[in-house]
Engineer: 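Below you will find the structure I want to go over with you.
Atom set for the values below is all heavy atoms of this structure, side chains included, hydrogens, waters and symmetry mates excluded. It should be emphasised that the depicted structure is a prediction, and the values quoted were computed from it without experimental measurement. Throughout, protein chains are lettered first and strands after them, A, B, ... in sequence-line order, and every chain is numbered starting at 1.
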Amino acid sequence: MEYLGLSEQEILRREALKELINLGINPYPAAEYKTTTNTKDILDRFSDDNLPEDLKNVSLAGRLMTRRIMGNASFAELQDEKGRIQLYFRRDDICEGEDKTMYNQVFKKLLDIGDIIGVKGFAFRTQMGEISVHVKEFTVLSKSLHPLPIVKEKDGKVYDAFSDPEQRYRNRSMDLIVNPQVKEAFIKRTMLTNSMRQFLNGKGYLEVETPILQPMYGGAAARPFKTHHNTLDQTLYLRIADELYLKRLIVGGFDGVYEFAKDFRNEGMDRFHNPEFTQMELYVAYKDYNWMMDLVEEMVEKIAIDTNGTTKIQVGENIIDFKRPWKRYTMFEAIEHFSGIDISQMDEQQLVEVAKKVGVEVDASMGKGKLIDEIFGECCESKLIQPTFITDYPIEMSPLAKKHRSKEGLVERFEAVCNGKEICNAYSELNDPVDQRYRFEQQLLLAKRGDEEAMMLDEDFLTAMEIGMPPTAGLGIGIDRLSMIMTNSVSIQDVLFFPQMRPEKKDTFNLEDYTALGISEEWAKVIFKCGITTVKQLKEMTPQKLHPVLCGMNKKHKLGLQNPTMDEIAEWLSK
RNA sequence: CGGUCCGUAGCUCAGCUGGUAGAGCACCUGACUCUUAAUCAGGGUGUCGAGGGUUCGAGCCCCUCCGGACCGACCA
């Protein structure tokens with residue numbers, strides 16, 4: 001009964017599990033398995049002439065990935081976190097006495113690909129020249145009941161790769177086991193954050209944590225996820241940014257704070273967007289955006305070297321070079337450079353004309369700033385492959401950035417664009433509480449015009465600013481986007497372990513529906529498994545049709561149930 | 001939300017003009033004490049994503065739905 005719904009291979013593995021237990025072998029032992037080495041260590045340190053002493057007696061553990069059985073000797077491959085190594089088993093080494101069970105039964109019959117075992121033995125080189133471990137003793141550490149995809153490789157060419165994106169994302173464990181390059185991308189992502197953290201700590205900035213559940217969302221233009229706190233009987237939002245909290249800490253007297261923040265935006269999903277994503281935000285007192293540009297260049301250059309050993313990164317068809325200094329354009333310069341149109345002196349009506357000309361869909365809710373941003377997006381962004389700073393944005397788009405020190409209508413803001421996508425966003429932060437209140441009020445006007453993403457007015461934040469915030473430079477840098485570039489990934493899903501997916505919809509089994517017809521629990525499950533998942537479907541059957549189906553299932557899956565008679569089935573269907 | 005494509009065995013995929021579900025690997029039975037995509041001899045293990053329709057007959061044609069990928073919209 002318990003095997004119902006399982007494939008042949010899964011049933012066989014469960015039977016092997018029982019057999020192991022019958023032989024007195026615990027397939028899931030509790031005790032620590034002491035290892036002395038790992039696959040990579042052996043391969044690195046092996047020497048034909050002068051084998052290190054400790055490799056003459058090794059203990060290591062991992063997952064069995066292939067087996068090549070040749071009667072009384074076998075080769076297998078063991079995979080651990082660091083890699084793979086070949087194992088050599090001989091019956092008479094595994095079983096010293098007359099009892100050959102450990103080899104003939106346990107190794108040959110009861111182990112499967114995917115099982116986790118520990119082995120003891122010695123390192124050696126085979127006649128064909130492959131460094132291997134000659135196994136003297138093995139221990140089952142975890143029996144695998146679910147078959148793995150079988151991926152074969154020869155001369156660097158991979159056969160039967162486990163490549164279906166849906167399967168891979170839904171079953172990331174499997175993906176990581178059989179696709180080593182997937183693991184590498186995630187290791188690189190961690191190297192990236194380690195590198196960034198090290199850089200920031202080295203400058204003396206303090207890593208902090210601020211609320212993810214916020215009574216009011218702000219710091220970015222986006223739609224939030226909304227939730228509710230029962231005790232407070234209050235609406236809370238998952239943060240879309242942590243900017244407004246980090247600035248309160250600057251007000252509080254920390255001169256450099258940063259946070260690796262999971263942010264949440266309730267918007268579309270595509271290969272550049274996941275509803276939850278990671279951003280690093282940094283605020284440093286007494287600095288401005290020019291200073292911050294230098295910091296970003298220095299930091300990202302270091303990250304490229306730390307993750308890839310070079311400033312030149314292959315991304316798709318392009319080689320992107322993060323070596324300092326990066327190109328810098330003002331936004332107006334960039335638009336003029338790529339489109340030949342100088343919009344720096346234009347009014348809103350003229351901008352509408354330009355926007356239409358370059359192919360932007362214009363609607364009434366768009367202010368001057370939005371129009372300029374759209375024109376930039378259309379003309380420039382995708383053409384900026386090498387890391388480039390775009391500076392001096394229109395004030396309407398940037399309610400938290402300080403007015404430009406010399407250019408009317410602009411703010412001291414920059415973005416770094418790379419491979420056609422924004423990777424960071426930074427300002428000389430607005431610290432004038434009067435101006436900040438005015439900017440929030442302008443946002444409210446935009447909201448009235450229909451801009452769904454206009455910011456809310458945050459009184460608590462304004463109070464903090466009224467206490468007095470030092471002049472401050474702020475930065476937000478997209479960790480997922482940067483990881484995509486550093487790992488040459490085409491989709492954000494390749495740098496998130498568990499990207500958001502729609503849940504698989506499965507028919508739900510409702511036992512009472514069946515027992516109400518006088519069907520036993522066992523047979524109800526069988527009927528459900530046959531694909532008759534509703535009572536309505538069941539009623540449409542005839543006893544003549546159903547009887548052989550059920551008896552067939554019973555026989556095929558070795559359920560050992562008493563087959564129902566035709567009359568019994570007729571009775572179920574008649575109720 | 002719109003367009004294009006996809007969903008068949010544990011995995012990768014084939015399946016013609018509608019006519020009894022196929023291959024490789026995996027798996028099962030057997031052989032083999034240095035193999036490595038091991039090999040050799042046998043064995044097909046499947047609600048063809050779900051539901052409905054057309055038809056004598058549907059994996060294939062039509063409709064609806066579910067899930068996914070890509071492009072676009074939206075989203076800094």
Engineer: Report the distance from atom CG of Asn266(A) to atom C1' of C1(B), rounded to the nearest whole Å.
Structural biologist: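 Distance check: Asn266(A) CG to C1(B) C1' gives 15 Å.
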Engineer: Quick one: which of G68(B), U33(B), A37(B) gets closest to the side chain of Arg90(A)?
Structural biologist: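 Selected nucleotide: U33(B).
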Engineer: What is the distance, to the nearest angstrom, from the CE atom on Met65(A) to the C1' atom on U36(B)?
Structural biologist: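 Going from CE in Met65(A) over to C1' in U36(B) covers 15 Å.
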Engineer: Report the distance from atom CG of Asp270(A) to atom P of G3(B), rounded to the nearest whole Å.
Structural biologist: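 Value for this atom pair: 18 Å.
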Engineer: Take atom P in U20(B) and the same atom in G59(B), then report the distance between them in whole Å.
Structural biologist: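 Per the computed distance, 10 Å lies between those P atoms.
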Engineer: Could you tell me how far G15(B) sits from G49(B) if I compare only their P atoms? Round to whole Å.
Structural biologist: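 15 Å, rounded to whole Å.
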Engineer: Using the C1' atom in both, what is the distance from U55(B) to G68(B), to the nearest Å?
Structural biologist: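 Result for the C1' pair: 31 Å, nearest Å.
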Engineer: Among U35(B), C11(B), U12(B), which is the nearest nucleotide to the side chain of Pro149(A)?
Structural biologist: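 Selected nucleotide: C11(B).
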Engineer: Could you tell me the separation between the NZ atom of Lys154(A) and the C1' atom of U39(B), rounded to a whole number of Å?
Structural biologist: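 About 12 Å, once rounded to whole Å.
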Engineer: Any salt bridge linking Glu77(A) with Arg84(A)? Criterion: basic side-chain nitrogen under 4.0 Å from a carboxylate oxygen.
Structural biologist: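 A salt bridge links Glu77(A) with Arg84(A).
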Engineer: Over how many whole Å does the gap from Ile131(A) atom CD1 to C34(B) atom C1' extend?
Structural biologist: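 For the pair Ile131(A) CD1 and C34(B) C1', the rounded distance is 15 Å.
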Engineer: Heavy atoms under 4.0 Å is the rule here; annotate nucleotides 22-29 of chain B 5' to 3' with B where the base is hit, S where only the sugar-phosphate is, and - elsewhere.
Structural biologist: --BSBSSS
Engineer: When the C1' atoms of U4(B) and C48(B) are considered, how many whole Å apart are they?
Structural biologist: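 These two C1' atoms come out 23 Å apart once rounded.
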Engineer: Looking at U35(B), does its base get a donor-acceptor pair with the side chain of Gln127(A) below 3.5 Å?
Structural biologist: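 A donor-acceptor contact between them is absent.
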Engineer: Check Phe89(A), Phe107(A), Phe122(A), Tyr88(A) against Val135(A) for a side-chain contact (heavy atoms from CB on, under 4.5 Å) and give me the one that passes.
Structural biologist: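 One option only clears the test, and that one is Phe89(A).
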Engineer: Taking only the side-chain heavy atoms of Gln493(A) (C-beta and beyond), determine which of U36(B), U35(B), A69(B) contains the nearest atom.
Structural biologist: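 Comparing U36(B), U35(B), A69(B) against the side chain of Gln493(A), the answer is A69(B).
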Engineer: Toward the 5' end of RNA chain B, which comes first, Lys421(A) or Tyr88(A), by nearest nucleotide?
Structural biologist: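 It is Tyr88(A) whose nearest nucleotide is closer to the 5' end.
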Engineer: Side chains of Gln86(A) and Arg68(A): any donor to acceptor distance under 3.5 Å?
Structural biologist: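 The answer is yes; a qualifying pair exists.
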Engineer: Verify the contact: side-chain N or O of Gln167(A) to OP1 or OP2 of G10(B), cut-off strictly under 4.0 Å; return yes or no.
Structural biologist: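 So the side chain of Gln167(A) is outside the cut-off, no N or O lying under 4.0 Å from OP1 or OP2 of G10(B).
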Engineer: When all nucleic acid strands are considered with a 4.0 Å heavy-atom cut-off, which category describes Ala220(A): base, sugar-phosphate, or nothing?
Structural biologist: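 Ala220(A): no heavy atom of the nucleic acid under 4.0 Å.
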Engineer: Consider the side chain of Phe162(A), meaning its heavy atoms from C-beta on, and name the nucleotide among G67(B), C70(B), U12(B) that approaches it most closely.
Structural biologist: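 Shortest atom-to-atom distance from the side chain points to U12(B).
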Engineer: Thr126(A) side chain to Glu130(A) main-chain N or O, any donor-acceptor pair under 3.5 Å?
Structural biologist: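 Yes; at least one donor-acceptor contact below 3.5 Å.
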Engineer: If every non-hydrogen atom of Ile395(A) is compared with every non-hydrogen atom of Lys403(A), which pair is closest and at what distance?
Structural biologist: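 Answer, listing the atom of Ile395(A) first, then Lys403(A): CD1-CG, 3.7 Å.
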Engineer: Using distance alone, with no hydrogens and no angle criterion, decide if Asp164(A) and Tyr169(A) have a side-chain donor and acceptor under 3.5 Å apart.
Structural biologist: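 Not at all, the side chains of Asp164(A) and Tyr169(A) share no donor-acceptor pair under 3.5 Å.
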Engineer: Closer than 4.0 Å, any side-chain N/O of Arg502(A) to the OP1 or OP2 of G67(B)?
Structural biologist: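 Yes.
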Engineer: If you write RNA chain B from 5' to 3' in dot-bracket form, with Watson-Crick or G-U pairs under 3.5 Å, [ ] for crossing pairs and | for pairs with another strand, what do you get?
Structural biologist: (((((((..((((.....[..))))((((((.......))))).)...(((((..]....))))))))))))....
Engineer: OP1 or OP2 of A38(B) sitting under 4.0 Å from any side-chain N/O of Arg68(A)?
Structural biologist: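 Affirmative; the distance criterion is met.
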Engineer: Above 12 or not: heavy atoms from other molecules or residues under 6.0 Å from CE of Met70(A)?
Structural biologist: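 Enclosed: over 12 neighbouring heavy atoms sit under 6.0 Å from CE of Met70(A).
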Engineer: Test your reading of the model: is there a side-chain donor-acceptor pair from Asp392(A) to the backbone of Glu412(A), 3.5 Å cut-off?
Structural biologist: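 Here the side-chain-to-backbone pair does not exist.
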Engineer: Can you tell me how far P in A37(B) sits from the matching atom in C71(B), rounded to whole Å?
Structural biologist: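 Per the computed distance, 36 Å lies between those P atoms.
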Engineer: Between Lys262(A) and Glu276(A), is there a salt bridge with N-O shorter than 4.0 Å?
Structural biologist: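 Yes.
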Engineer: Consider ring-ring contact (aromatic ring centres under 6.0 Å, His included). Of Tyr329(A), Tyr427(A), Phe389(A), Trp326(A), which one does Phe414(A) pass it with?
Structural biologist: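 With Phe414(A) as partner, ring-ring contact (aromatic ring centres under 6.0 Å, His included) holds for just one option, Phe389(A).
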Engineer: Tell me: CG of Leu87(A) to P of A38(B), nearest whole Å?
Structural biologist: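 It works out to 14 Å between those atoms.
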Engineer: Taking only N and O in the side chain of Arg223(A), is any of them less than 4.0 Å away from OP1 or OP2 of C74(B)?
Structural biologist: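 For Arg223(A), the contact criterion (side-chain N or O under 4.0 Å from OP1 or OP2 of C74(B)) is not met.
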Engineer: Is the phosphate of C71(B), meaning OP1 or OP2, less than 4.0 Å from a side-chain N or O of Arg271(A)?
Structural biologist: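 So the side-chain polar atoms of Arg271(A) do come within 4.0 Å of the phosphate oxygens OP1 or OP2 of C71(B), strictly under.
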Engineer: May I have the distance from Met70(A) (atom CE) to U39(B) (atom C1'), rounded to whole angstrom?
Structural biologist: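 Between C1' of U39(B) and CE of Met70(A): 10 Å.
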